[in-house]
Number of protein chains: 2
Amino acid sequence: MGTTQLESVPEPKYWHLKTVLSEALDAEFSVGEILPNERDLAARFGVARATLRQALEQLELEGRLQRRRGVGTTVAPPRMGVAVGAHGQAWPGEADDTWQPLDCMPAAPPAAVAGQLGTGREEPVHTVRRSRMSHGQPVAAELLYVPAASVPDLSAIDVPSGAARARAVLRELQRLPLQRQENAVELGSARADDAKELDRLPGAPVLVVTTRYLAADRTAALSVATYRADTCRLTFGDSGDVEIHHDPENQAS
Amino acid sequence: MGTTQLESVPEPKYWHLKTVLSEALDAEFSVGEILPNERDLAARFGVARATLRQALEQLELEGRLQRRRGVGTTVAPPRMGVAVGAHGQAWPGEADDTWQPLDCMPAAPPAAVAGQLGTGREEPVHTVRRSRMSHGQPVAAELLYVPAASVPDLSAIDVPSGAARARAVLRELQRLPLQRQENAVELGSARADDAKELDRLPGAPVLVVTTRYLAADRTAALSVATYRADTCRLTFGDSGDVEIHHDPENQAS
DNA sequence: CAGTGGTCTAGACCACGTA
DNA sequence: ACGTGGTCTAGACCACTGG
């Protein structure tokens, strides 16, 4: 008897390390503060650097830490609430200053997108790039696919591309009666171009929000927006400004 | 001249490996098929096992692969669409057979939850555990917090705990007039208990959906549901059964 | 029991940001 | 030039699953 289970389920080192670090973050560090570098931390805890990194990766995934090459590891602020599809139901660009149109060019969308739009393979559609800022930093990069059929009155000649073109496409789109929109969220990893725009490394975890805009029972436009998973909490159905304190022991919120 | 940039931006090996594997999955493998083991794969590509694993981890994060210790690595089916908050606005357990109540016990919620509920610290609330199945596998584990004030007519005596108690709490909750509900989605990692219920390892990536149920301008209940991020695509505002084909080259959808 | 993925080590070198 | 995190290696052992 006694001995109380004697480590019959040995916790992995990196997991225990993560717990210890997490508690230390709550107790001894404040937002923005710089942690000791990885080599020192690993030595202090008596583990290999790779093991220490495994713990840091988890904490970064949960939005507790921010790591930047050449700079260091800092304590991240709580995730910001970002409203998605909150304007009830509205076209993109409608009374919307959170998204900034960058440019627009005709291009054949990926097969999955073409399938949902109901356009033919290799058929070019208007592809609008937009960027979303919040609290002074980029939080999302979007590709908005608009079939030519959805903006029939768009004059192709005056402005062939650029931000002005993007605004023109959005303006034309808003003339259609919006039936409803459907949102889907899934986990992905940042493509090289998105990563650059989001100020992250390629492969960084992102929340991919796919929005279908329906008009007259057809998909009039499709938006694929990639949000930084480390800094964002996506909110649906409200204004998205609820403050949430941190809950030690894992997960988030 | 010539030499066309000569690798001035050398892609990391694991990233290139991921691309190669991803294309191989599309071209030469079908869903459910078993891949060669990690040691063989690493040898075949001439890299260390750790590097190969880095590529596999990314592909698993994107829902392309499924790895199980002691078994092997298999090709994952496309993510399933899971409807979240789609019944317009309804209480949990209302005409809802996707969630299965497991049990219910009084417990003091985490500080973050207590804050949103407006209950005092250490004040116990009804804590309902539910499990969600889809296509025969568990996709989400939920903790639903219901303050005593929201279910005033609940008799504390007859059924102190268990699934029957959980159903009783849900039934009482539905007598309140539901004002609206607010959803938030963020990335997290599975706690040990959630991981077990979701048939994953602790720390596995999950999508944490927090739902506030509002009645009479108060938070009448709060749900924290953790969905498997590898197998689920969360849908808002529709029935969530859209089929989506796979898009090679990264991300998801 | 053999074979799988999961954890861990102790090194090395590289890419990047800052000074 | 220096210090940071990012990548990579070649091993070792452990935990789990299945026959």
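Here is how names work: the chains are called A, B, and so on, in the same order as the sequence lines, proteins then strands, and each is numbered from 1. Owing to the predicted nature of the structure, the values given are computational and were not obtained by experimental measurement.
The shortest distance between the side-chain N/O atoms of B:Thr73 and the OP1/OP2 oxygens of C:dT4 is not below 4.0 Å. Proximity of A:Thr51 to the phosphate of C:dT7: no side-chain N or O atom is located under 4.0 Å from OP1 or OP2. Listed pair A:Arg53 / D:dG5 fails the phosphate criterion, with no side-chain N or O lying under 4.0 Å from OP1 or OP2. In this model, the phosphate group of D:dT4 is approached by a side-chain N or O of A:Asn37 to a distance below 4.0 Å at OP1 or OP2.
The residues B:Glu186 and A:Arg79 are annotated as salt-bridged, a charged nitrogen and a carboxylate oxygen being separated by less than 4.0 angstrom. Ionic pairing of B:Arg191 and B:Asp194 is present here: one or more N-O contacts between side-chain nitrogen and carboxylate oxygen are shorter than 4.0 angstrom.
Between the CD atom of B:Gln66 and the C1' atom of D:dT17 there is a distance of 15 Å, rounded to whole Å. Between the CG atom of A:Leu65 and the P atom of D:dG5 there is a distance of 11 Å, given to the nearest Å. B:Ile34 places its CD1 atom 15 Å from the P atom of C:dG3, with the value rounded to the nearest Å. C:dC8 atom C1' lies 16 Å from atom CD of A:Gln58, rounded to whole Å. Look at CD on B:Glu11: it is 12 Å from P on D:dT7, rounded to the nearest Å. Per the geometry, CD belonging to A:Gln54 stands 17 Å off P belonging to D:dC8, to the nearest Å. B:Lys13 places its NZ atom 13 Å from the P atom of C:dA15, with the value rounded to the nearest Å. In this entry the distance linking CD of A:Glu57 with P of D:dG5 reads 13 Å, nearest Å.
Nucleic acid contact class of A:Leu56 (heavy atoms, under 4.0 Å, all strands): none.
Applying the side chain to side chain donor-acceptor pair (under 3.5 Å) rule to A:Glu33 yields the partners A:Ser30; only residues at least two apart in sequence or on another chain are considered. Scanning for side-chain contact (heavy atoms from CB on, under 4.5 Å) contacts around B:Asp103 gives B:Arg129, with sequence neighbours left out. For B:Arg68, the side-chain contact (heavy atoms from CB on, under 4.5 Å) criterion is met by B:Val71, not counting sequence neighbours. In this structure, the side-chain contact (heavy atoms from CB on, under 4.5 Å) partners of B:Thr211, at least two apart in sequence or on a different chain, are B:Gln181, B:Asn183, B:Val209, B:Tyr213, B:Ser223. With sequence neighbours excluded, the residues satisfying side-chain contact (heavy atoms from CB on, under 4.5 Å) with A:Glu38 are A:Arg49, A:Leu52, A:Arg53, A:Leu56, A:Arg67.
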Kindly give the atom pairs (protein nitrogen or oxygen, nucleotide nitrogen or oxygen) under 3.5 Å for nucleotides 13-15 of chain D.
{"from": "D:dA15", "atom 1": "O4'", "to": "B:Arg69", "atom 2": "NH1", "distance (Å)": "3.3"}

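Nearest-nucleotide positions on DNA chain C for A:Tyr14 and A:Arg68 put A:Tyr14 closer to the 5' end. For A:Val71 and A:Ala50, each mapped to the nucleotide of DNA chain D holding its nearest heavy atom, the one lying further toward the 5' end belongs to A:Val71.
The side chain of A:Leu201 lies closest to D:dG6 when the candidates are D:dG6, C:dG6, C:dT9.
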